[in-house]
Q: 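Pasting a structure here, questions to come.
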Amino acid sequence: MSIITTATAKLADIAVETDRTDAVQSFVKQETVLVDLTTADGSAGTGYAYTIGTGGTSVLALLRDHLLPALIGQDARNVEALWRRLFALTRATTTGAITSLALAAVDTALWDVRCKRAGEPLWRLAGGHRQEVPVYDTEGGWLHLTADDLVKGALRAQKAGWGGVKIKVGKPHPAEDAERLRAVREAVGPSLHIMTDANQSQTMSAALRLAAALEPYDPYWIEEPLPADDISGHARLARATRIPVAVGESLYALPQFRGYLETGAASVVQVDAARVGGITPWLKVAHTAESHNVMVCPHFLMELHVSLVAAVPNGSYVEHIPQLRAVTRGELTMRDGMAVAPDLPGIGIDWDMDAIDDRRVA
């Protein structure tokens, strides 16, 4: 039987693999919340969510105090019903980051169970559009790196056959950002996509100046130039620049994405499965974006997102930021410059539970 008999959660701190800085913060650590589910017939699944330094214990408490007890005795096959059941239990705290992260940890565990019971990998069961997807690198584009460092990183990505690189922007003067972008563009030529990311650091006037300064170097997109809740501001910027506007990593519910899409405020959707509440709402966001002819290039979590990007027809890019190598037995497979979605049943992550236990937070 597929009745859930146990549901547990734990928190592990995973150190960053390299220094990561942007215009507003540094990536301190990945607080990783994991949920383990088992069913009466012996099926098991593991899901997860994350923060980048704070709030992990709050997510853990919400899971243990409210969400996990409500799963016992429920049918793990009813993923939509369980998502709605848990959402209703937390109605007083939605929509918000803590609740969405907790829901995501449960939802990805349920999908892990679903895929394993079906004997299918996530990329196929969630849609099965293709198995290989383009990848772009962010690890070589952090804000603290010099222009020479950015060039070296971009050339490495280009040599590997990757489709693009991301350059963080948000220096004190837009001319500094433009000069860094110019150096990379001159080094790699016109074919490599160069994404830019301002991490919500700009005012409206500053974003307009920044976009104008970057336009000559043909950015593939400008990401989160304004605060994530400023839909009208992003719409205004989108009308004022030729650079496509990308948003989504800091949005936590489907209606927020709908607002961006309906107003033309986003040309690229960067929905994050952990932050939006799991795989179930991620797919809804992706299909909503498809109905607006908008591509999906999710934020972070490449080990999970590779399968989701592969599942949907408007999945365009996976973001290369390795973060789980210390707690998994494998890593993202690359072939001819493309990221390959795992073919084993489940969500595609082979956890090293001993390594996770070594990093557990009491």
Q: Could you go step by step and tell me if Thr328 and Asp350 meet the side-chain hydrogen bond (donor to acceptor under 3.5 Å, both in side chains) rule?
A: CA-CA 6 Å; Thr328 56; Asp350 185 10; over 6 Å; no

Q: Could you walk me through whether Trp142 and Phe27 pass the ring pair (Phe, Tyr, Trp, His ring centres under 6.0 Å) check?
A: CA-CA 11 Å; Trp142 301 105; Phe27 194 137; 7.6 Å; no

Q: State whether the side chain of Asp107 and the backbone N or O of Ala104 hold a donor-acceptor pair below 3.5 Å, judged by distance alone.
A: no

Q: Could you check Arg209, Arg242, Arg182 and say which one makes a salt bridge (charged side-chain N to carboxylate O under 4.0 Å, His left out) with Glu215?
A: Arg242

Q: Between Asn78 (side chain) and Ala81 (backbone), is there a donor-acceptor pair under 3.5 Å?
A: no

Q: Does one side chain, of Tyr50 or Asp272, offer a donor that lies under 3.5 Å from an acceptor on the other?
A: yes

Q: Could you walk me through whether Thr95 and Gln256 pass the side-chain hydrogen bond (donor to acceptor under 3.5 Å, both in side chains) check?
A: CA-CA 10 Å; Thr95 299; Gln256 295 174 329; 5.8 Å; no

Q: Sort out for me which residue in Val184, Val165, Val188, Leu192 forms a side-chain contact (heavy atoms from CB on, under 4.5 Å) with Leu155.
A: Val188

Q: Is it true that Tyr136 and His193 have ring centroids separated by less than 6.0 Å?
A: no

Q: Taking the side chain as C-beta and beyond, is there a heavy-atom pair between Trp123 and Asp343 under 4.5 Å?
A: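 Yes, at least one pair of side-chain atoms sits under 4.5 Å.
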
Q: State plainly whether one hydrophobic cluster holds both Val294 and Val276, where clusters connect Ile, Leu, Val, Met, Phe, Trp and Tyr through side-chain heavy atoms under 4.5 angstrom apart.
A: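 Yes.
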
Q: Give a yes or no on this: more than 12 heavy atoms of other residues, nucleotides or ligands lie within 6.0 Å of atom CE of Met1.
A: no

Q: Looking at Leu237, is its backbone amide N or carbonyl O close enough to the side chain of Thr241 to form a donor-acceptor pair, meaning the two atoms are under 3.5 Å apart?
A: no

Q: I would like to know whether Asp41 and Arg117 meet salt bridge (Lys or Arg N to Asp or Glu O under 4.0 Å); could you show each step before the answer?
A: CA-CA 10 Å; Asp41 61 5; Arg117 287 177 62 89; 2.2 Å; yes

Q: Are any side-chain N or O atoms of His305 and backbone N or O atoms of Phe300, one a donor and one an acceptor, separated by less than 3.5 Å?
A: yes

Q: Can you name the nearest heavy-atom pair linking Leu324 to Glu303, along with the distance?
A: N-OE2, 3.5 Å

Q: Rounded to the nearest 0.5 Å, what separates atom OG1 in Thr32 from atom CD1 in Ile14?
A: 3.0 Å

Q: Could you check whether any side-chain heavy atom of Leu122 comes within less than 4.5 Å of a side-chain heavy atom of Cys115, counting everything from C-beta outward?
A: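 Yes - at least one pair of side-chain heavy atoms lies under 4.5 Å apart.
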
Q: Do Leu62 and Leu101 have side chains that approach each other closer than 4.5 Å (heavy atoms only, starting at C-beta)?
A: no

Q: How close do Ala157 and Gly164 get, heavy atom to heavy atom, and via which atoms?
A: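 That closest heavy-atom pairing would be CB-O, 4.4 Å.
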
Q: When clusters are formed from ILVMFWY side-chain contacts under 4.5 Å, directly or step by step, what else is grouped with Val309?
A: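 Members besides Val309, by chain and number: Val133, Val135, Trp162, Met302, Val306, Val318, Leu332, Met334.
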
Q: Do the side chains of Val361 and Val28 join up, straight or via other hydrophobic residues, at under 4.5 Å, putting them in one cluster?
A: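 Val361 and Val28: separate clusters.
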
Q: In the structure I gave you, are the side-chain heavy atoms of Arg180 and Lys171 within less than 4.5 Å of one another anywhere?
A: yes

Q: Is a donor on one side and an acceptor on the other found under 3.5 Å between the side chain of Trp83 and the backbone of Gly277?
A: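 Here the side-chain-to-backbone pair exists.
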
Q: With a 3.5 Å distance limit and no angle check, can you tell me whether Thr8 reaches the backbone of Val35 through a side-chain donor-acceptor pair?
A: no

Q: So do the side chains of His129 and Pro313 get within less than 4.5 Å of each other, counting heavy atoms only?
A: yes

Q: Quick one, Trp221 and Met295 - any side-chain contact, counting heavy atoms below 4.5 Å?
A: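 Yes. Closest side-chain heavy atoms under 4.5 Å.
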
Q: Can you spot which of Glu223, Glu224, Lys168 makes a side-chain hydrogen bond (donor to acceptor under 3.5 Å, both in side chains) with Asn199?
A: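 Filter result, single survivor: Lys168.
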
Q: I'd like to know if the side chain of Asp75 pairs up with that of Ser2 as donor and acceptor (distance under 3.5 Å, no hydrogens or angles considered).
A: yes

Q: Do Thr93 and Thr99 have a side chain donor and acceptor closer than 3.5 Å?
A: yes

Q: Tell me, please, which residues at least two apart from Thr51 pass side chain to side chain donor-acceptor pair (under 3.5 Å).
A: Glu31

Q: Determine whether Val33 and Phe87 fall in the same hydrophobic cluster, where Ile, Leu, Val, Met, Phe, Trp and Tyr are linked whenever their side-chain heavy atoms lie under 4.5 Å apart.
A: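 Looking at the clustering, Phe87 is in the same group as Val33.
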
Q: I would like to know whether Gln323 and Arg20 meet side-chain hydrogen bond (donor to acceptor under 3.5 Å, both in side chains); could you show each step before the answer?
A: CA-CA 11 Å; Gln323 184 55 30; Arg20 296 170 180 159; 2.7 Å; yes

Q: Heavy atoms only: give me the nearest Lys10-Arg64 pair and the separation to one decimal.
A: CA-NH2, 4.1 Å

Q: Please check if the side chain of Arg325 supplies one atom and the backbone of Gly330 the other of a donor-acceptor pair under 3.5 Å.
A: no

Q: Measure across Gly140 and Leu150 and return the closest heavy-atom pair with its distance rounded to 0.1 Å.
A: O-CD2, 3.3 Å

Q: Report yes if some heavy atom in the side chain of Val312 is under 4.5 Å from a heavy atom in the side chain of Trp282; otherwise report no.
A: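 Side chain of Val312 against side chain of Trp282, heavy atoms only: contact under 4.5 Å found.
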
Q: How would you list, by chain and number, every residue that makes a ring pair (Phe, Tyr, Trp, His ring centres under 6.0 Å) with Tyr252, sequence neighbours excluded?
A: none

Q: Within the supplied structure, the quantity of interest is the number of heavy atoms (other residues, nucleotides, ligands) at a distance under 6.0 Å from Asp336 CG; does it exceed 12?
A: no

